[in-house]
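Read the structure below first, then the notes.
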Amino acid sequence: MRRLVYETSEAMKIALSAIWANKARGVLTTLGIVIGIVAVVATMTAANGLENSFKESISAVGSDVVYVSRMPWIIMDDFFKYRNRQPLTLKDAKKLETRLASARAINPTTSTRRDIRYRSAKMEGVRAVGTTDKHIMVTTALPEYGRFLNSIDVQYKRNVCVIGKEIQEKLFKDINPLNKKIRIGRYNYRVVGVMEKQGSAGFFNGPNFDRQVFVPITSFMKNYGSRNRDFDIAVKAPSQEAMVDFEYAVIGEMRNIRKLRPTEDDNFSVNQMTTLMNAYDNVMGNMVLIGLLITSVSLFIGGIGVMNIMFVSVTERTREIGIRKAIGAKKRAILIQFLFEASVVCLIGGTLGVLASIGVTELINAFFLPASLSPGIVVVALVVSAATGIIAGFIPAVKAARLNPIEALRYE
Amino acid sequence: MKALEIQNITKTYQMASVEVHALRGVSLEIKDNEYIAIMGPSGSGKSTMMNVIGCLDTPTSGNYLLEGEDVSHMGDDQLAEIRNRKIGFVFQTFNLIPRSNVLHNVELPLIYGGMSASKRRELAEAAIERVGLSDRADHKPNELSGGQRQRVAIARALVNNPSIILADEPTGNLDSATGEEIMQILNELHNAGNTIILVTHENEIADHAHRIVRLRDGMIESDEVTK
């Protein structure tokens with residue numbers, strides 16, 4: 001055991017001095033690993049950034065909220081199974097409210113697409129959402145300034161609205177939008193608040209929460225009609241932990257409200273944040289895997305470079321290996337020596353790669369996504385680079401360890 | 001006490017399809033503190049003999065007892081251990097590690113022997129002092145003359161207090177004056193109680209030994225005590 005420690009510390013000294021003795025070669029070999037590690041780390045960071053940005057954009061959904069809707073948010077199977085379902089009504093929402101006493105809040109919403117105008121500025125096909133003052137209880141989004149709709153707005157069907165960040169930026173630019181009149185479709189609304197930025201799930205073809213305008217559900221129905229309107233009902237669970245049970249309670253009550261017999265399928269859908277997360281994981285999980293696979297190729301090539309150089313190193317030092325064996329180095333000692341050399345080269349490459357990745361992450365951050373280089377990724381990168389060294393160094397090291405001392409000593 | 005005993009060993013190499021009989025039944029006994037020269041022209045089996053005695057190779061048949069321990073059937077790692085503990089090599093070409101300084105070169109057998117750093121340093125410094133190179137301990141081999149390099153090699157050979165010191169043409173790469181200095185050191189080691197085996201083809205060098213064994217065609221031609 002003690003001997004192994006001395007052999008290992010000797011191996012480390014030899015490895016460092018061998019690398020130091022061939023600096024140019026070391027730099028070139030290391031470069032291959034650096035590029036490989038940067039590629040892999042950048043992929044992981046970008047994936048991380050995509051996930052962060054996606055989570056950020058759906059955070060408005062609220063993780064402790066169940067959404068009852070006519071359709072599932074993500075349709076994985078046959079769309080025609082769902083198309084004949086009856087819309088959910090405001091009455092359904094009311095009934096659910098009386099039956100589900102445990103819910104912390106129940107908020108029905110409905111929406112339509114309208115063009116909106118402020119003076120000459122115009123945005124087409126903006127999602128106008130009819131909702132109530134309880135809206136801010138079921139989502140995490142808050143007004144950035146001004147206020148959200150209140151119960152008086154709802155009760156008196158007032159034509160007031162709260163606009164999303166993107167609408168404020170595009171319609172008003174530098175003008176303060178509060179108390180300005182905008183047209184939503186053919187009706188005038190007074191702006192009372194601006195929602196904070198929520199980010200866009202645009203790449204996922206999901207809803208853009210910054211490009212919507214909230215109006216009281218009552219004035220919505222008065223202005224845009226209430227016939228055949230389909231409502232989404234957001235139901236906030238008593239606690240995060242109770243979500244699973246609560247979802248079943250909601251399904252049970254909805255089946256009662258819709259008078260379904262036990263043998264009938266649900267004619268409504270219950271969605272929640274995890275529905276979106278799972279869909280994201282399904283799609284992105286595979287894409288990230290493919291990305292990692294492709295970038296690993298460059299690391300693999302770097303590893304081949306290391307293996308190549310290790311073969312050169314073993315051949316060059318055949319005589320030295322012979323000397324070491326003659327004076328009593330066992331196979332293990334020689335093996336450790338060359339494995340060390342390969343892993344030190346790769347670990348240096350890995351470290352430089354991680355440092356370079358910090359820069360790459362900053363670039364991704366600045367131009368594309370909120371990417372971050374987590375400590376986990378750094379550890380993975382270093383472990384992977386050391387492992388690359390051990391794998392790449394293994395065959396050359398075994399070759400060195402197996403050298404016959406007599407032939408090695410005679411080698412010129 | 002016998003330092004080593006070789007009983008009727010043979011060594012056969014397979015070169016392509018031809019069998020080469022390098023040793024054809026050699027028996028030899030060497031006692032503790034003997035100073036013996038093994039001589040012979042090239043092709044006599046001299047190198048093979050030295051490889052077997054040095055535990056770098058095993059005989060095809062026959063037995064080799066080193067301090068009573070049968071080493072003729074050992075595996076590579078066991079042989080490495082035996083070399084580490086019982087044999088000190090001095091080579092014609094010095095065979096020092098080029099990037100390591102004198103101290104480290106001399107310490108190397110002790111490192112592979114698993115000795116602690118402080119003990120190692122103590123023994124290595126003592127060995128370096130014995131060959132008179134204390135003021136050169138931190139020099140690299142390429143900063144030393146040939147004679148100095150060979151002295152480093154001798155220090156390395158004796159640092160682990162081996163049963164035998166095996167010197168293979170130790171003066172072959174040195175001018176005669178320097179060669180004579182090296183032989184003086186070997187003589188001193190012999191006087192201090194070490195067993196020394198010289199492998200050489202030079203009579204002048206062999207004259208330092210007290211017993212000369214001559215090989216020819218893989219067999220012992222003569223074995224005489226000269227001093």
Side-chain angles (χ1 to χ4, degrees), chain A residues 1-23 25-26 313-338 340-341 344 397-412, chain B residues 11 13 22 47-48 50-52 54-58 75-101 104-120 140-141 152-153 155-160 162 166 168:
Chain A
M1 191 57 221
R2 204 172 59 179
R3 184 182 297 200
L4 187 64
V5 173
Y6 298 139
E7 282 172 4
T8 309
S9 86
E10 169 72 9
M12 204 146 50
K13 278 183 213 153
I14 305 163
L16 292 177
S17 79
I19 294 165
W20 189 246
N22 294 296
K23 285 183 254 339
R25 195 163 82 183
S313 186
V314 168
T315 308
E316 260 178 10
R317 284 190 284 156
T318 300
R319 203 182 168 99
E320 179 189 320
I321 296 163
I323 299 169
R324 288 178 187 278
K325 290 196 120 184
I327 62 173
K330 291 185 182 174
K331 284 187 189 129
R332 180 182 68 188
I334 304 292
L335 191 77
I336 293 175
Q337 174 185 336
F338 284 96
F340 244 107
E341 190 173 324
V344 166
V398 167
K399 182 188 165 193
R402 284 199 185 145
L403 281 177
N404 176 331
I406 299 168
E407 284 165 25
L409 278 173
R410 217 182 282 145
Y411 185 85
E412 292 295 331
Chain B
K11 182 71 190 177
Y13 294 106
S47 297
T48 309
M50 122 131 205
N51 288 340
V52 171
C55 293
L56 288 164
D57 208 349
T58 50
D76 290 351
D77 277 350
Q78 280 174 302
L79 286 175
E81 177 123 27
I82 292 288
R83 289 195 296 270
N84 186 256
R85 289 206 322 262
K86 299 195 170 177
I87 295 165
F89 286 101
V90 180
F91 298 99
Q92 178 177 2
T93 49
F94 321 133
N95 282 344
L96 302 175
I97 306 288
R99 281 188 310 276
S100 301
N101 66 18
H104 190 85
N105 264 292
V106 176
E107 271 188 15
L108 210 51
L110 305 178
I111 291 174
Y112 291 122
M115 190 178 285
S116 74
S118 53
K119 192 95 187 291
R120 231 153 57 196
K140 298 273 170 68
V152 176
R156 182 180 66 189
L158 60 87
V159 73
N160 53 355
L166 194 57
D168 179 18

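Every chain is numbered from 1, with letters handed out A, B, ... down the list of sequences. Please read all numbers here as calculations on a predicted model, not as lab measurements.
- Put simply, CD1 on Ile327(A) and CZ on Arg83(B) are 10.0 Å apart, with the number rounded to the nearest 0.5 Å.
- For the pair Asn95(B) (side chain) and Leu409(A) (backbone), a donor-acceptor distance under 3.5 Å is absent.
- Applying the 6.0 Å contact sphere to NZ of Lys119(B) captures no more than 12 heavy atoms from other residues, nucleotides or ligands.
- Residues passing the side chain to side chain contact (heavy atoms under 4.5 Å, CB included) test with Glu81(B), sequence neighbours excluded: Arg3(A), Lys330(A), Arg85(B).
- Using a 4.5 Å cut-off between heavy atoms, Ser116(B) touches chain A through backbone and side chain atoms alike.
- Interatomic distance, CD1 of Ile323(A) versus CG of Leu108(B), reported as 9.0 Å (0.5 Å rounding).
- Of all the heavy atoms in Ala329(A) and Ala80(B), the pair that sits closest is O-CB, 3.7 Å.
- Contact record, Pro405(A) with Leu56(B): CB-CD2, 3.9 Å, taken as the closest heavy-atom pair.
- Note that OG of Ser47(B) and CD1 of Ile406(A) are 9.5 Å apart. Values are rounded to the nearest 0.5 Å.
- With sequence neighbours excluded, the residues forming a side chain to side chain donor-acceptor pair (under 3.5 Å) with Arg25(A) are Glu316(A), listed by chain and number.
- Rounded to the nearest 0.5 angstrom, Arg332(A) CZ and Tyr112(B) OH are separated by 11.5 Å.
- Counting only heavy atoms from C-beta outward, the side chains of Trp20(A) and Arg99(B) never approach each other to under 4.5 Å.
- Here the straight-line distance linking atom CZ of Arg410(A) with atom OG1 of Thr93(B) works out to 11.5 Å at 0.5 Å rounding.
- Contacts of Leu96(B) with chain A are made by backbone atoms alone, with heavy-atom separations under 4.5 Å and no side-chain atom involved.
- For the residue pair Phe91(B) and Ala326(A), the shortest heavy atom distance occurs at CZ-CB, 4.1 Å.
- For chain B, the option among Arg402(A), Lys13(A), Arg324(A) with the highest count of heavy-atom pairs below 4.5 Å is Arg324(A).
- Both the backbone and the side chain of Glu320(A) come within contact range of chain B, each with at least one heavy atom under 4.5 Å from a heavy atom of that chain.
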List the steps and the verdict of side chain to side chain contact (heavy atoms under 4.5 Å, CB included) for Glu7(A) and Ile111(B).
-> CA-CA 7 Å; Glu7(A) 282 172 4; Ile111(B) 291 174; 5.5 Å; no

